[in-house]
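Reviewing the structure listed below.
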Amino acid sequence: MNQLIDEVISLVEEVRERKKFKAYVLTGSGISRASGIPTFRGEDGLWEKYDFEEVATYDAWVKNPEKLWEFYREGIDLILNSEPNNAHYAVAKLEEMGFCQSVITQNADGLHQRAGSKNVYEVHGNLTRVVCPNCGMKAPFQYNAENFPPHCSCGSLLRPDVVLFGETLPTDILSKVFSIAKTANLVFVVGTSAEVYPIASLPHLSKRNRARVVVFNIKKTSHAQIADVFIQGKCEETLPKLVEKLVQKE
Ligand SMILES: [Zn+2]
């Protein structure tokens, strides 16, 4: 592993010698697993008592918003009671040290911001926030038994500020992250299953535009196949090792 970390350091140095150093980190559910956040479709079974189609899809929102809210409230509780782990802190440190300019995440848990990351693109939204489909008001979710499922002051039912399955991703953020991916010359892919499109295609797009790709993942995904360096293992253990070495070199 140390040898692989050294390979990443050489890559970073090589890219840094070019005029513009443009790097981003792409993260997925694997980075939050050590914080106790299960993946919705994951093997951990925490959501097994719910039928996914009934609670997390756009159809569910239209047909039975109460049930959807019951499900999300449980998820939000879990998030609010969890903490960022060493991988989130390592990502924040990369940004702080100038080794990446943006974090693109598929997670809706807000843990990157809590770890100190500043420039975060949440392509699937943020579960700890509510949004009003009527007036557009956004606010942190606060449970109130007398207003649950929560309603906006305009009278409309609020919804979690996340992209539900069956909905398309917001076009503004999508065009932003695609432009980041296109112009980057280095990408760190951390803990993403590489299965959820179109976001999973970002590293491929970067690669086609000659970016170097470094992948940290427990499993060998399709991203590992295009990686210049693939570091297999738990990202909360591997990523901090890279950051540690980068700090020593500064
Ligand atoms: Zn409203």
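Ligands are counted one by one from 1 in listed order, and the atoms in each one are counted from 1 as well.
Annotation: side-chain contact (heavy atoms from CB on, under 4.5 Å) contacts of E14 (sequence neighbours excluded): L11, R18, R212. For I79, the side-chain contact (heavy atoms from CB on, under 4.5 Å) partners at least two apart in sequence or on another chain are I37, D109, L127, T128.
Note on ring orientation: taking the six-membered ring where Trp is involved, the planes of F141 and W69 are parallel (angle under 30°, cut-offs 30° and 60°).
Counting only distances under 2.8 Å, and ignoring water, the protein N, O or S atoms around the Zn ion (ligand 1) are C132 SG, C135 SG, C152 SG, C154 SG.
Remark: Y58 OH is loosely packed, at most 12 non-hydrogen atoms of other residues, nucleotides or ligands lying under 6.0 Å away.
Applying the salt bridge (Lys or Arg N to Asp or Glu O under 4.0 Å) definition to pairs two or more places apart or across chains, those involving residues 167-186 are R159-E167.
Shown are H112, Q106, H88; of these, the side chain to side chain donor-acceptor pair (under 3.5 Å) with S32 is made only by H88.
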